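Just so you know, these numbers come straight off a predicted model, no measurement behind them. Below, all heavy atoms of this structure are taken into account, side chains as well, without hydrogens, waters or symmetry copies.
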Amino acid sequence: MNVAVYLYDGYYETEICIPTLFFSEENLFTIASDQEVVKCVDGRRLLIDKQVKEVKAEEIDVLIIPGGSPIPKEDIFQLIRDCEVKGAIIGGICGGVDYLAYAGILENRRFTSYYKPDVTYDFLPKSGIMTGSMYESDHKVVSAKPAAYLEFALELYRLSGKLDPKTVPSYLSWFKSPNAFEYK
């Protein structure tokens with residue numbers, strides 16, 4: 001299985017840590033638009049495996065886009081559209097959902113993100129349904145609020161056919177154990 005993670009300057013590493021962990025046994029690679037190195041929001045630099053122009057939708061089974069401050073680029077929008085046509089699983093979390101909206105694949109779909117229900121966002125589709133849920137999964141397109149990082153990862157993994165439902169409780173206790181949380 002080929003899993004591409006689209007990165008751009010200012011992306012949030014925390015939103016892709018669990019999906020990349022889940023898919024670590026797969027052919028996981030990073031892509032970017034015209035950059036060989038990207039900077040995470042905390043300033044760390046990451047070498048990119050491939051440029052978007054070097055990748056075809058046929059080579060991608062899962063496309064993951066983390067949040068941050070999106071940098072609109074037509075090449076990634078076209079790759080997203082091509083991946084949708086090919087039937088790939090596409091996931092965007094927080095600002096990563098903006099890329100899905102700009103690409104036009106949220107039309108006639110349920111979706112969610114950081115968006116506030118009482119604010120109008122010009123780039124969001126008029127025919128899509130912004131639910132405000134923690135995450136949405138609609139015809140192989142997964143969108144999520146930033147706090148739904150685990151749900152986002154689990155849904156991508158489930159859609160790929162890799163998730164054993166019996167393991168979900170252990171993931172929940174491992175990554176989101178509210179009973180063990182102590183902040184002083």
Side-chain angles (χ1 to χ4, degrees), residues 1-8 11 15-34 48-68 70-113 115 123-131 133-146 148-168 171:
M1 176 171 290
N2 296 318
V3 181
V5 181
Y6 178 75
L7 300 178
Y8 52 95
Y11 77 94
E15 295 172 348
I16 57 168
C17 288
I18 299 173
T20 56
L21 175 65
F22 284 178
F23 289 110
S24 63
E25 299 295 318
E26 305 303 322
N27 181 31
L28 178 70
F29 58 95
T30 57
I31 59 174
S33 297
D34 304 317
I48 295 300
D49 296 315
K50 298 178 182 185
Q51 299 298 304
V52 170
K53 63 187 172 196
E54 299 172 328
V55 181
K56 294 184 171 85
E58 294 76 27
E59 302 168 330
I60 299 174
D61 299 302
V62 180
L63 175 61
I64 302 170
I65 307 173
I71 303 167
K73 300 274 185 169
E74 184 53 40
D75 63 346
I76 187 59
F77 301 155
Q78 187 60 53
L79 183 61
I80 291 167
R81 290 189 287 269
D82 292 347
C83 282
E84 179 197 27
V85 169
K86 181 233 177 205
I89 299 161
I90 304 169
I93 184 168
C94 191
V97 179
D98 293 7
Y99 285 96
L100 310 184
Y102 284 122
I105 69 163
L106 297 179
E107 296 287 338
N108 301 309
R109 281 197 165 100
R110 294 180 327 278
F111 65 92
T112 192
S113 187
Y115 314 124
F123 61 91
L124 292 180
K126 305 297 181 235
S127 64
I129 302 167
M130 204 283 287
T131 66
S133 300
M134 290 303 286
Y135 80 98
E136 285 293 344
S137 182
D138 193 336
H139 295 92
K140 292 189 168 184
V141 174
V142 181
S143 58
K145 291 185 174 191
Y149 58 90
L150 179 56
E151 296 88 335
F152 176 69
L154 287 168
E155 183 61 8
L156 291 171
Y157 209 48
R158 183 190 73 78
L159 289 172
S160 74
K162 301 282 184 181
L163 181 65
D164 176 354
K166 295 176 192 164
T167 63
V168 172
Y171 287 129

For Glu25, does the CD atom sit with more than 12 other heavy atoms under 6.0 Å from it, leaving out its own atoms?
no

Is the shortest side-chain heavy-atom distance between Lys53 and Asp34 below 4.5 Å?
yes

Whether the side chain of Asn2 engages the backbone of Asp61 through a donor-acceptor N/O pair (distance < 3.5 Å, no angle test) should be reported.
no

For Lys56 versus Leu79, what's the shortest heavy-atom pair and its separation?
C-CD1, 4.2 Å

Would the Tyr8 and Tyr99 ring centres measure less than 6.0 Å apart?
yes

Taking every heavy atom of Asp138 against every heavy atom of Asn108, the minimum-distance pair comes out as OD2-O, 4.4 Å

Cys94 versus Pro146, closest heavy-atom pair with distance:
SG-CG, 3.7 Å

Any ion pair linking Glu151 and Arg158 (charged N to carboxylate O, less than 4.0 Å)?
no

Short question: side chain of Ser137, backbone of Val142 - any donor-acceptor pair under 3.5 Å?
no

Please determine if Arg109 and Glu84 form a salt bridge, counting it only when a charged side-chain N lies under 4.0 Å from a carboxylate O.
yes

Tell me if a side-chain donor or acceptor on Ser113 pairs with a main-chain N or O of Tyr115 at a distance below 3.5 Å.
no

Where is the tightest heavy-atom contact between Ser143 and Arg110, given as atom of each residue plus distance?
OG-O, 4.4 Å

Tyr135 and Phe152: aromatic ring centres closer than 6.0 Å?
no

Would you call Asn27 and Phe29 a side-chain contact if the rule is heavy atoms closer than 4.5 Å?
yes

Minimal heavy-atom distance between Leu100 and Gly92, with the atoms involved, is CD1-N, 3.9 Å

